[in-house]
Amino acid sequence: MAQGQVQIPQQIAHQTGVAVPTQFNSTSLYVGDLDVNVSEAQLYEIFSQIAPVVSIRVCRDLISKRSLGYAYVNYNSGQEANRAIELLNYTPINGKPIRIMFSQRDPSLRKSGAANIFIKNLDKNIDNKALSDTFSVFGTILSCKVATDSSGQSKGYGYVQFDQDESAQNAINQVNGMLLNDKQVYVGPFVRRQERDNVPAASKFNNVFVKNLSETTTEDDLRQVFGSFGSISSAVVMRDPDGKSKCFGFVNFEHTDDAAKAVESLNGRKIDEKEWYVGRAQKKSEREAELRAKFEQDRKDKIEKYQGANLYLKNLDDTFDDEKLKELFQAFGNITSCKVMRDPQGQSRGSGFVAYSAPEEASRAVAEMNGRMVGSKPLYVALAQRKEERRARLQVFQNFLLICKKPA
DNA sequence: AATGAGCGT
């Protein structure tokens, strides 16, 4: 027998060739949320109180043998398994409530999050069992859990997953906004964190930004135009210290939906011969982040564009200056910049850069000029590497040297 | 205020 498995001396239910059992006559239970130290023996003691147990296995990491925090308990009949769920679910073992479900090896239902609801503003005294009892009137619960901190204290929210969408819908309709232990709870569909982040807070805003105003447009004009969408708590046209309009402003609505309506219908409208831009006002930090991102993108575009249009020169005759370089290289294309590198004393370092406006010009220059005698020496001409590329290459080389030095 | 984690011999 496999290690870690307790085989109970009972006749074993043979299921070979039998169709996959449905949820409710399955004899196999998944027991999750186990403390890592929970053993088969502890589970046996508890589960055999319901009916004879066929087998129990705590699943463990193959190598470390550490408990994965879940186990399987098998009974002879579906009724027994069902009874175990009813009577033993949320029983604490080592102080931690276990969570029992019918074993369902196909993960698709679990992953889909279907019929799953989220409850918040729960009284801290409501535990898994109480939550389950509250919601079981709407249908069969597959899983139910109150979020807790490490000491087992309720965090005031939880989850209930039903087997049917309809049950979840009814639970939401009937319990949302109701009092549970004198606290008004929120009940809604469960939404994955990631999906919730994808829905930008962008749709909930009160403050509207307007630009491209005429210089003569005033706060009163803004109130006039925006006022038709709902009540305004403030309107402002930004101005220079001398009072001259900066041609943009902000209108703050009392209700988010009014703000949204105003944006929807005013953006791009022509008013006083000016096409207004009307949008959600960004926070300063948001705006800055956007500008930073744009700047970064522009920089990347520029690098991309000039990629391959830059030359790196070395072994350059000391008598060459920027001007002479330009003369030498302009035959191959349109030079956008040209530089001889010098030390702080102004002495030529014998290297330099020539930038063209297109990569073809640069490669022509390499082909024609590399190795050519210029002044006293043969000139080295190659496409310039970007700083990062060069750094990466140097790093590879340094590593190589280190490896070479290491004794066998 | 808060939107998990979870399936073997």
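All heavy atoms count here, side chains included; hydrogens, waters and symmetry mates do not. The structure presented is a predicted model; accordingly, all values stated were derived computationally and were not measured. Letters A, B, ... mirror the listed sequences (proteins, then strands); counts begin at 1.
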- Message: For the base of B:dG4 and the side-chain ring of A:Y159, does the geometry meet a stacking cutoff of under 5.5 Å between centres and under 30° between planes?
- Response: yes

- Message: If you assign A:R110 and A:K155 each to the DNA chain B nucleotide with the nearest heavy atom, which residue ends up on the more 5' nucleotide?
- Response: A:K155

- Between B:dG8, B:dC7, B:dG4, which nucleotide gets closest to the side-chain atoms of A:R193? B:dG4

- Task: Identify which nucleotide among B:dC7, B:dA2, B:dA5 has an atom closest to any side-chain atom of A:S103, counting heavy atoms from C-beta outward.
- Result: B:dC7

- Whole Å only: how far is the NZ atom of A:K120 from the P atom of B:dG4? 12 Å

- Given atom NZ of A:K183 and atom P of B:dA1, what is their separation to the nearest angstrom? 10 Å

- Item | Is_stacked (A:F190, B:dT3) at 5.5 Å, 30 deg | no

- Note on the structure: So the ring-ring contact (aromatic ring centres under 6.0 Å, His included) pairs with at least one residue in residues 104-125 of chain A (sequence neighbours excluded) are A:F118-A:Y157, A:F118-A:Y159

- Query: So does A:D242 have more than 12 non-hydrogen atoms from other groups sitting under 6.0 Å from CG?
  - Reply: yes

- Looking across every strand, which nucleic acid part, if any, lies under 4.0 Å from A:Y70 by heavy atom: base, sugar-phosphate, or nothing? sugar-phosphate

- Query: Quick one: A:D163 CG to B:dG6 C1', roughly how many Å, whole number?
  - Reply: 17 Å

- Exceeds 12 heavy-atom contacts within 6.0 angstrom, atom CZ of A:R66: no

- Message: Distance criterion of 3.5 Å, no angle test: do you see the side chain of A:R192 paired donor-to-acceptor with the base of B:dT3?
- Response: no

- Query: Counting just side-chain N and O atoms, does A:R99 come under 4.0 Å of either OP1 or OP2 of B:dG6?
  - Reply: no

- Task: Pick base, sugar-phosphate or nothing for A:N121, based on heavy-atom distances below 4.0 Å to the nucleic acid.
- Result: base

- Scan A:P189 against the nucleic acid and name what it touches under 4.0 Å (heavy atoms): base, sugar-phosphate only, or nothing. base

- Measure from CE on A:M101 to C1' on B:dG6 and round the result to the nearest Å. 7 Å

- Task: Would you please determine if the base of B:dG8 is stacked by A:Y72, with stacking meaning a centroid separation under 5.5 angstrom and planes under 30 degrees?
- Result: yes

- A:K211 charged N/C atom sitting above A:Y277 aromatic ring, 6.0 Å / 45°: yes

- Message: Does B:dG6 count as syn, meaning its glycosidic angle lies within 90° of 0, or as anti?
- Response: anti

- Taking CG from A:L68 and P from B:dG8, how many angstroms apart are they, rounded to a whole number? 10 Å

- Task: Under 4.0 Å between any heavy atoms, over every strand shown, what does A:G156 touch: base, sugar-phosphate, or nothing? Just pick one.
- Result: base

- Message: Any base atoms under 4.0 Å from A:D33, or only sugar-phosphate, or nothing? Heavy atoms, all strands.
- Response: nothing

- Item | Value in whole Å for how far the P atom of B:dA1 lies from CZ of A:R196 | 13 Å

- What is the distance, rounded to the nearest whole Å, between atom CD of A:Q184 and atom C1' of B:dA1? 15 Å

